[in-house]
Amino acid sequence: MRRIQAGSALSAFGLGFTVPYLYVYVAQVRDLGAATAGIVLAVFAMAALVVLPFSGRAIDRRGPVPVLLVASVVAAVGAVAMGFASSVPAAVGAAALLGAGTAVLQPALATMIVWCSTPVGRTRAFAMQFFLQNLGLGVGGLIGGLLVDTSRPGSFILLFSIEAAMFLVLAAVVGTVRMPGSPALRGARPSEGGKGGGVRALLGHKAMVQLCVLGFVLFFACYGQFESGLAAYGTEAAGIEPSTLGIALAANTAVIVAAQFLVLKFVERRKRTRVIAAVGLIWTVAWLIAGYAGLGHGSQAMATAAFVSTYALFGLGEAMLSPTVAPLVADLAPESMVGQYNSAFALVKQLALAVGPAVGGPMGAALHGPYIVTFVLFSLGITFLAVRLGRQLTPEQNQPSLAAAKPSKVVARHLPEKETAAV
C-alpha cells in the first residue's frame, strides 16, 4: 500500500508541474494561439472520455498493474511530445496521448487500493491518497512556477520532462507491487455481476446508477466550476483581482491538507450518505457566500475575503468526500467488476468536468444572479440525492464500521451449521 500511495503522490507531483501552465504554453510560448490551446485542452478531455469505457474491462481481465504500466508509459510519451510540440498537429497528438494515459491511471490506482485494503481500512486509504495527491499537485505547481519562463520554451521542455519522469517512476514503483485478492466484508459487496455482466450489469445496479448521478452533480457543482464559472464570476461580479484566484486555490488546498485527517475520524463513525448530504449543505453555504461576494454591497476587502472563504469551504467538503465516495464505489462493485465500476465513475467525473466549464463559464461571466441560484440548487440537490441513495445501500455499504465487529460473531454462530451440513 505504501508503494501505491508513494507512486500516486509522485505522479500528482509531476502533473502539478504542467497542468496550470498548459494553456499558456500552447497559446503563448509556442505561439499557436488561443483557439489551438482550447482545442488542445478539449482533446485532452476527450481522450479520457474515449479510453475510460474500455479501461475498466482491461483492469478486471488483466489486472490493474499491467494496465497502469501501459498507461504510465503512454502518459510519459505524451508529456515528452508536448514539451517538444511546436505545431498544431504535434500539440493535439501529444494532448491525446497525455489525456488518455493520465485518465486510466486513476481507476487503475483506485482498483489497486481496493485490492490491497479491507473495506474498513479503505476509508483511510483513499483519504491518504487524496491528501498525498493534493500535496503533490500543490508542491509540483509551486516548484513549476519557480522554473517556468514564458520567454524560454526550454523551461517548459524541462517541466514536461519532469512530468514524464514522474510517470515512469510511478510505473517502476507500482510494478514491484504484488497484488493480493480483493477483500470484502460479508454483505458489503455483491458477489455476482448480474446477468450479462459488463455495462448491462452496471446499469442494472440501481445503487450504482444513483451514485453516478450523485457523482456527476458533485463534480459539476464543485470541480467543474473552479477554473471556469467561479473564476469568471469572481473577476466579473465580485471584482476580484486575478492574483486573488491563486490565493483562493491555495486556501482550498491548505484546507484539504489541514483538515483531511481531522475530518477522517468524524467520517469513519457516520453513514457515508449522511456525510455526503452534509457536504451538500456546506457547499450551499459556500455558494451563498460567493453570492455575497459578487452581489453584496460590502467593501472590496470583504468581497475578497468572502470569495477566498468560498474556496476554503469547498476544500472542507472535498476532504469529507475523499474517504467516502471512492470506497463506496468499491463496496458496490461485484468482485469481478471493481475495475469497471471505478472506470465508470471516473468517466462520470470526466463528463462533469467537461460540461461544468461549458455551462458555468458563460453564466459566471454574464448571468451573475442566476449563476449563484443555479449552483445553490445543485448543492441542495447533492443533499437530496445522498439521502435518497442511503435507502438503496446495505448497512455495511453505508457504514463499514458497523460490519467490522460482525465477522467473528457471525462466523462463531454459523460455523457449526456449516460443519453439520458438511457431515
Student: When Leu105 is tested against each of Val74, Val67, Leu68, Val174 for side chain to side chain contact (heavy atoms under 4.5 Å, CB included), which residue passes?
Tutor: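 The single option meeting the side chain to side chain contact (heavy atoms under 4.5 Å, CB included) with Leu105 is Leu68.
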Student: Taking all heavy atoms of Gln260 and all of Ser322, pick out the closest pair and write down the distance.
Tutor: OE1-OG, 2.9 Å
Student: Locate the shortest heavy-atom distance separating Thr310 from Ala290; write the atom from each residue and the value.
Tutor: OG1-N, 3.3 Å
Student: What is the minimum heavy-atom distance between Ala85 and Tyr25, and which atoms define it?
Tutor: O-OH, 3.6 Å
Student: What are the two closest non-hydrogen atoms of Val263 and Ala319, and how far apart are they?
Tutor: CG2-O, 3.7 Å
Student: Got a second to check how far Leu147's CG is from Phe156's CZ, nearest 0.5 Å?
Tutor: 10.5 Å
Student: Evaluate the criterion side chain to side chain contact (heavy atoms under 4.5 Å, CB included) for residue pair Leu15 and Glu163; output intermediate values, then yes/no.
Tutor: CA-CA 6 Å; Leu15 282 169; Glu163 180 182 35; 3.2 Å; yes
Student: What distance do Leu377 atom CG and Ile382 atom CD1 have between them, rounded to the nearest 0.5 Å?
Tutor: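 Between Leu377 CG and Ile382 CD1, I get 11.5 Å after rounding to 0.5 Å.
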Student: How about Phe307 and Tyr311: are their ring centroids closer than 6.0 Å?
Tutor: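 Phe307 vs Tyr311: aromatic centres under 6.0 Å.
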Student: Tell me, with the steps shown, if Phe13 and Leu132 meet side chain to side chain contact (heavy atoms under 4.5 Å, CB included).
Tutor: CA-CA 9 Å; Phe13 175 70; Leu132 291 174; over 6 Å; no
Student: Could you tell me whether the side chain of Ser8 and the main chain of Ile4 form a donor-acceptor pair under 3.5 Å?
Tutor: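 Answer holds: no.
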Student: State, to 0.1 Å, how close Thr102 and Gly99 come at their nearest heavy-atom pair, and which atoms those are.
Tutor: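 Answer, listing the atom of Thr102 first, then Gly99: OG1-O, 3.3 Å.
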Student: Between Gln106 and Gln133, is there a side-chain donor-acceptor contact under 3.5 Å, judged purely by atom types and distance?
Tutor: yes
Student: Would you indicate whether the side-chain heavy atoms of Arg272 and Leu393 approach each other to under 4.5 Å?
Tutor: no
Student: Just do the side chain to side chain contact (heavy atoms under 4.5 Å, CB included) check on Phe167 and Leu98 with the steps written out, would you?
Tutor: CA-CA 11 Å; Phe167 288 133; Leu98 189 57; 4.0 Å; yes
Student: So Glu396 and Asp331, do their side chains get closer than 4.5 Å, heavy atoms only?
Tutor: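 The answer is no; the side chains never approach within 4.5 Å.
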Student: Ignoring hydrogens and angles, tell me if any N or O in the side chain of Tyr233 forms a donor-acceptor pair with the backbone of Met363 under 3.5 Å.
Tutor: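 Not at all, since once roles are kept as given, no pair shorter than 3.5 Å links the two residues.
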Student: So, taking the atom named CZ in Phe219 and the one named CD in Gln350, what distance separates them when rounded to the nearest 0.5 Å?
Tutor: 10.5 Å
Student: Can you check whether Ile289 reaches Val285 side chain to side chain, under 4.5 Å on heavy atoms?
Tutor: yes
Student: Quickly, which of Tyr292, Phe378, Phe314 forms a ring pair (Phe, Tyr, Trp, His ring centres under 6.0 Å) with Trp287? Name it, please.
Tutor: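 Of all the options given, the one that passes is Phe314.
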Student: Is there side-chain contact between Leu49 and Leu347, with at least one heavy-atom pair below 4.5 Å?
Tutor: yes
Student: Quick one, Met337 and Asp60 - any side-chain contact, counting heavy atoms below 4.5 Å?
Tutor: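 With C-beta onward as the side chain, the pair touches.
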Student: Can you find a pair of side-chain heavy atoms, one from Met208 and one from Val329, that are under 4.5 Å apart?
Tutor: yes
Student: Might you confirm whether atom CZ of Arg270 has over 12 heavy atoms from other residues, nucleotides or ligands at distances under 6.0 Å?
Tutor: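 Atom CZ in Arg270 is packed in, count exceeds 12.
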Student: For Arg269, is there any backbone N or O sitting under 3.5 Å from a side-chain donor or acceptor partner on Gln399?
Tutor: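 Checked: pair present.
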Student: Looking at OG1 of Thr324 and CG of Asn398, how far apart are the two atoms once the value is rounded to the nearest 0.5 Å?
Tutor: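 Here the rounded value is 10.0 Å.
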Student: Kindly say whether the aromatic ring centers of Phe220 and Phe375 come within a distance under 6.0 Å.
Tutor: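 Yes - the distance between ring centres of Phe220 and Phe375 falls below the 6.0 Å cut-off.
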Student: What's the spacing between Met112 CE and Gln5 CD if we round to 0.5 Å?
Tutor: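 It is 10.5 Å, given to the nearest 0.5 Å.
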Student: Run Val169 and Met166 through side chain to side chain contact (heavy atoms under 4.5 Å, CB included) and show every step you take.
Tutor: CA-CA 5 Å; Val169 169; Met166 290 301 101; 4.2 Å; yes
Student: Can you measure from CE (Met46) to CD1 (Ile39) and round to the nearest 0.5 angstrom?
Tutor: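 Met46 CE to Ile39 CD1: 13.0 Å, rounded to 0.5 Å.
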Student: According to ring pair (Phe, Tyr, Trp, His ring centres under 6.0 Å), who are the partners of Phe131, at least two apart in sequence or on a separate chain?
Tutor: Phe261
Student: Quick one: are Phe130 and Pro323 in side-chain contact, heavy atoms under 4.5 Å?
Tutor: no
Student: So, for Leu52 and Ala103, which heavy atoms are closest and what is the spacing to 0.1 Å?
Tutor: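 Shortest heavy-atom contact: CD2-O, 3.5 Å.
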Student: Do Leu389 and Leu328 come close enough that some side-chain heavy atom pair is under 4.5 Å?
Tutor: yes
